[in-house]
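In what follows, every heavy atom counts, from backbone to side chain, and hydrogens, waters and symmetry copies are set aside. Read the numbers this way: they start at 1 and go in the same order the structure lists the ligands and their atoms.
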Amino acid sequence: MELFTELADISLHQNIAIALGTFDGIHAGHQQIIGQAVQLARQSSGTSVVFTFRNHPLSIIDPERCPPFIMAEEEKVEVIAGMGVDILMSIPFDVKFLQLMPDEFIQLLIHYFRPAHVVVGPNYTFGYQGKGNPEILRKAGASYHFDVQVPEAVLVDDSLVSSTLIRQLIASGDVQQAAKLLGRPFVMAGIVMSGDQRGRQLGYPTANIPVPPGMVIPADGVYAVQVMTGNTWFNGLANVGVNPTFNGQSRRIEVFILNFNDDLYNKKVRVSFLARLRGEVKFAGAEALKEQIARDITEAQVFF
Ligand SMILES: Cc1cc2nc3c(=O)[nH]c(=O)nc-3n(C[C@H](O)[C@H](O)[C@H](O)COP(=O)(O)O)c2cc1C
Ligand SMILES: Nc1ncnc2c1ncn2[C@@H]1O[C@H](COP(=O)(O)OP(=O)(O)O)[C@@H](O)[C@H]1O
């Protein structure tokens, strides 16, 4: 997959099928839209393109209402590449975009991409104040010779799959349901930093990753997780919270990896959240916490 981080003219590619959207999380609905663009391009020996923004448009339009991200940019690029997309154009949404009228946005699409197919979700909006919609795109397509496909919204367990619902599920700790809507578990990645060096004394060393700013964070508590270091996935348990047993103040994300004993400081780890086991508790002391962690490990086994 070719990645562009600023607008580039690729209009000379043949039979471009382009998926448009913010695509935070690349959930089951987004997968259908992007998958359709990939399929349309393959059918015509053409080029599949995903055109998206690195920052949420609301971060410019109305920062107060800007939601936290479900997925970091690096993860997003990897997942989109894994779907067989030929070109990803992931560019900053800036004031210039904010001011584009719907027909100006369409002109931009034609100038840079000259698409044969455009695929968008049913609630896709574009242009100044989100005044553009799939119907307006369709009308433009009739004049400029591209067809517009709008796959139906995806339902999981009778709920409409949306980035908003997924953010709520993660923030409330229901990472299991979030994974169903995402089509894969929710992932957080980070570089391991040092903590209070207490974990090793408890018999449960925990690799700590910084709380990433602007990202959705699972509710405080203990989770069954999988942890990737190097190219290998390990089973483990994560604790999200402030370590009340030791009167901690700052929120941290820490993982104890099962059957593992290696130095992870300054290394990148990815934590994939499978299920929430319990909330974070203030124990009377280290012994009570250790006994509970032993029970957590037993309980987590059903999710591995
Ligand atoms: C599976 C697991 C469950 C945990 N549950 C709690 C908890 O309920 N309450 C709490 O105060 N700390 C909990 N912790 C966090 C420990 O307090 C923390 O790992 C320990 O203080 C080590 O911190 P350090 O990495 O800074 O050395 C848990 C840790 C793990 C691995
Ligand atoms: N099974 C394991 N799970 C997590 N970290 C481990 C494990 N084995 C060794 N480590 C190492 O130990 C460190 C955590 O030990 P800990 O005493 O909790 O220190 P800190 O407070 O600095 O996190 C990790 O950052 C990692 O480098």
- Item | Distance filter under 4.0 Å to Gly195 heavy atoms, resulting ligand 1 atoms | 26 (O)
- Message: I'd like to know whether ligand 1 has Arg252 as a neighbour, heavy-atom separation below 4.0 Å.
- Response: yes
- Task: Indicate yes or no: does an N/O atom of Val192 lie under 3.5 Å from an N/O atom of ligand 2?
- Result: no
- The closest protein heavy-atom partner of atom 30 (C) of ligand 1 is Ile293 CD1, 3.7 Å
- Below 3.5 angstrom, do we get any N/O pair linking Gln197 and ligand 2? yes
- Query: atom 11 (O) of ligand 1: which of Leu277, Thr245, Leu289 has the nearest heavy atom?
  - Reply: Thr245
- To which of Asp196, Asn247, Thr206, Ile257 does the heavy atom nearest atom 31 (C) of ligand 1 belong? Thr206
- Can you find an N or O of Arg198 that's nearer than 3.5 Å to an N or O of ligand 1? yes
- Of all the non-hydrogen atoms in the protein, which one sits nearest to atom 3 (N) of ligand 2, and at what distance? Ile257 N, 3.1 Å
- The closest protein heavy-atom partner of atom 27 (O) of ligand 2 is Leu264 N, 2.6 Å
- Query: Relative to each other, are the rings of Phe93 and Phe53 parallel, tilted or perpendicular (30° and 60° limits)?
  - Reply: perpendicular
- Message: Tell me whether Met193 has any N or O atom under 3.5 angstrom from an N or O of ligand 2.
- Response: no
- Message: I'd like to know if Tyr204 contacts ligand 1, where contact means a heavy-atom distance under 4.0 Å to any ligand atom.
- Response: no
- Message: Are more than 12 heavy atoms, taken from residues, nucleotides or ligands other than Glu152, located less than 6.0 Å from that residue's CD atom?
- Response: no
- Query: Any donor-acceptor pair under 3.5 Å linking the side chain of Gln31 with the backbone of Leu182?
  - Reply: yes
- Message: Within this structure, what is the CG-CD distance for the pair Asp296 and Glu291, rounded to the nearest 0.5 Å?
- Response: 12.0 Å
- Query: How far is atom 13 (C) of ligand 2 from its nearest protein heavy atom, and which residue and atom is that?
  - Reply: Tyr265 OH, 3.7 Å
- Determine whether the side chains of Gln14 and Thr47 contain a donor N or O and an acceptor N or O closer than 3.5 Å. no
- Item | N or O contact, Tyr204 vs ligand 2, cut-off under 3.5 Å | no
- Task: Kindly check if the number of other-residue, nucleotide or ligand heavy atoms within 6.0 Å of NZ (Lys76) is above 12?
- Result: yes
- Query: Side chain or backbone of Asn208 under 4.0 Å from ligand 1, or both, or neither, by non-hydrogen atoms?
  - Reply: side chain
- Find all atoms of ligand 1 within a distance of less than 4.0 Å from any non-hydrogen atom belonging to Gln197, and give their numbers and elements. 27 (O)
- Query: Which of these, Ala238, Ala224, Gly199, has its nearest heavy atom closest to atom 22 (C) of ligand 1?
  - Reply: Gly199
- Output yes when the distance from some N or O of ligand 2 to some N or O of Phe260 is under 3.5 Å, and no in every other case. yes
- Task: Report yes if some N/O of Phe283 lies less than 3.5 Å from some N/O of ligand 1; otherwise report no.
- Result: no
- Item | Shortest heavy-atom approach to atom 5 (N) of ligand 1 - which of Arg278, Gln292, Glu254, Lys290 | Arg278
- For Asp103 and Gln107, does a side-chain donor sit closer than 3.5 Å to a side-chain acceptor? no
- Say whether Gln39 and Arg42, considering side chains only, have a donor N or O and an acceptor N or O under 3.5 Å apart. no
- Query: So which protein heavy atom does atom 17 (O) of ligand 2 come closest to, and at what separation?
  - Reply: Arg200 NE, 2.7 Å
- Query: Out of Leu258, Val255, Asp263, Asp262, whose heavy atom is nearest to atom 11 (C) of ligand 2?
  - Reply: Asp262
- For Phe246, the ligand 1 atoms whose distance to one of its heavy atoms is below 4.0 Å: 17 (O), 21 (O)
- Starting from atom 14 (C) of ligand 2, locate the nearest protein heavy atom and write down its residue, its atom name and how far away it is, to 0.1 Å. Thr206 O, 3.3 Å
- In ligand 1, the atoms that come under 4.0 Å of a heavy atom of Leu237 are 1 (C)
- Message: If you take the nearest heavy atom of each of Pro205, Gly236, Gly195, Ala207, which one is closest to atom 7 (C) of ligand 2?
- Response: Pro205
- Counting from 1, what ligand 2 atoms have a heavy atom of Ser194 closer than 4.0 Å? 22 (O)
- For ligand 2, which atoms have a heavy atom of Asn261 less than 4.0 angstrom away? 8 (N), 9 (C)
